[in-house]
Amino acid sequence: MDIYLHNTLSRTKEKFVPVQAGRVTMYVCGPTVYNFAHIGNARPAVVFDVLRRFLASEYAEVVYVRNVTDVDDKINAAAKAEGVPIGVITERYLAAYHADMQALGVPPPGIEPKVTGHIPQIIEMIQRLIANGHAYEAESHVLFNVPSYPDYGRLSGRNRDEMIAGARVDVAPYKRDAADFVLWKPSPEGVPGWDSPWGFGRPGWHIECSAMIDANLGSGPVDIHGGGHDLIFPHHENEIAQSTCANSGRLGGQPFCRYWMHNGFVNVDAEKMSKSLGNVLLVRDLRDQAPGEAIRLALLSAHYRQPLDWSDVGLRDAKAQLDRLYRALETLQDVQAADLPAPDSFRAALADDLNTPKALAELHALANAVNKAIDPDERGRLKGQMLAAGKLLGLLEQNPVSWFKGDEDSGEAVEIEAAIERRKAARAAKNWAESDRIRDELAARGILLEDKAGITTWRRAP
RNA sequence: GGUCCGGUGGCGGAGUGGCUACGCAGCGGACUGCAAAUCCGCGUACGCCGGUUCAAUUCCGGCCCGGACCUCCA
């Protein structure tokens, strides 16, 4: 199936063709581990996880790299505030990130490089840039010289003068050009750093990704590079400049990365999330409100390039959608799922620039077919297709029974079953008053009963 | 100021030059002891003004409104 992806470089949907047939390389900017992940951090992780799942179903091999930035001034600030080494901070928040991602159904990437593990490669890359005239040392800093790379600004669609005109920061006096950016900067007393040819210091943010891509995916063109919309400028623009200039001889005129994909922001109740507004929603807190799959579905309910307005209503909606899908699956408990791929209509939605809202509609169409199907073979086919479609989105991976009931062996479950038995007896005696009393009593505790085909089942209220 | 993205029914949110998005909520019916679930059916829509067209929510132009980025940021 032909896959089309929106490429920020051209601002159009392009047919996706990997450099090597059957093998896709993908790099996504991962977290800077100085705090707990918020819902905005979760969006790219989930979106590109869906892309990864889909590509893995279409290509023999997907090499997926998502980095961890564990060298950063915000990390330094957090460590200083707590009076601990930066490793304590980064380990804590990386572990929390992994836990959050697991809850959202995002498995670890194939490769998860850390900046601290790539300092020699970063230094080596900077040396290469100095050697071929694209970078220079000045007052213990090393700077990338933007005018040395005429294509600078192509990704973000801005020219150098515009960037300088709009700059909000003062230009450091040691810069040859106002647009030049830092590759290496000195670490004063008490700030973490490493020895380098330019003295004790630490890398700038942008060079980290370039070096980690080089080290883990080679210098040859990367197929897909993803990240948040805000990274287009300056982060990805600078990455292109660094990687292209450092590898000029090796790329053979090809772009350093072929497809650039950027997800839109998550707003909260129509406002941008920010610390000053106090509306930053952490994934770990949202997990108390709804199952991870519901959070995931909420993130996939809008197209990845659109802004997503997060709200309690939206999250409840996502949970309700999953309830409907799991109810259909619940009726197929005793049906053997056929070994089938997701339907073409579903895969076509994902192949069209990852149209997850459309894909979800197709999933609902399958659930609707399940609810109507009588033929056992058809039910088996539908179950297979539904589970395959769910797997591509990272949804429907729970057991339907536990989705609705939680832990079946709990004391409460036993008690509920006993109440249902008493109600069954009352119903047999046509004692509707008693029957309804028991049902109301359970409902007051958030337990809903359903009498289907002579059998009473229960589930927890949404 | 520059660059870019949007404005779709009560809500969320796809999409299309003429034909049902989908989900939630609502209404009617079937089923049920009554419900719930499920099924069938229904309603409400494409910011404003022009233009192109046999036909525009969909293309073009203008306007209004909202948002993002402009070297901290997913």
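Note on naming: letters A, B, ... go to the chains in the order of the sequence lines (proteins, then strands), and numbering restarts at 1 for each one.
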Would you check if the distance from the ring center of A/Phe36 to the ring center of A/Tyr93 is below 6.0 Å? yes
Side-chain donor/acceptor of A/Ser435 to base of B/G33, under 3.5 Å: yes
Starting at atom CG of A/Leu231, determine the distance to atom P of B/C4, rounded to an integer number of angstrom. 20 Å
Expressed as a whole number of angstroms, how long is the span from A/Leu322:CG to B/G12:C1'? 15 Å
Could you tell me whether the side chain of A/Arg305 has a donor or acceptor atom within less than 3.5 Å of a complementary atom in the base of B/C5? no
Using the C1' atom as the reference point in each nucleotide, state the distance between B/G47 and B/C65 in Å, no decimals. 8 Å
Ignoring hydrogens and angles, answer whether the base of B/G33 and the side-chain atoms of A/Arg427 contain a donor-acceptor pair closer than 3.5 Å. yes
In this structure, CG of A/Leu308 is separated from OG of A/Ser301 (nearest 0.5 Å) by 5.5 Å
Let me know, please, whether A/Asp317 or A/Ile39 comes out on the 5' side of the other along RNA chain B by nearest nucleotide. A/Asp317
A/Val313 or A/Ala433: which one's nearest nucleotide on RNA chain B is closer to the 5' end? A/Val313
Between the base of B/C73 and the side chain of A/Asn35, is there any donor-acceptor pair under 3.5 Å? no
How many Å lie between CD1 on A/Ile455 and P on B/C31, as a whole number? 21 Å
How many whole angstroms separate atom CH2 of A/Trp458 from atom P of B/A37? 17 Å
Tell me whether the side-chain N or O atoms of A/Arg439 pair up with the base of B/A35 as donor and acceptor below 3.5 Å, since no angle test is needed here. yes
My understanding is that a pair needs two contacts under 3.5 Å, Watson-Crick or G-U wobble. By that rule, which nucleotide pairs with B/C4? B/G67
Specify the separation, in whole Å, of atom CG of A/Leu449 and atom C1' of B/A35. 10 Å
Assigned partner base of B/G10, Watson-Crick or wobble definition, under 3.5 Å: B/C24
Does a distance-only test, which skips hydrogens and angles, find a donor-acceptor pair under 3.5 Å between the side chain of A/Asp436 and the base of B/G33? yes
What is the distance from CD of A/Glu362 to P of B/G13, rounded to the nearest Å? 20 Å
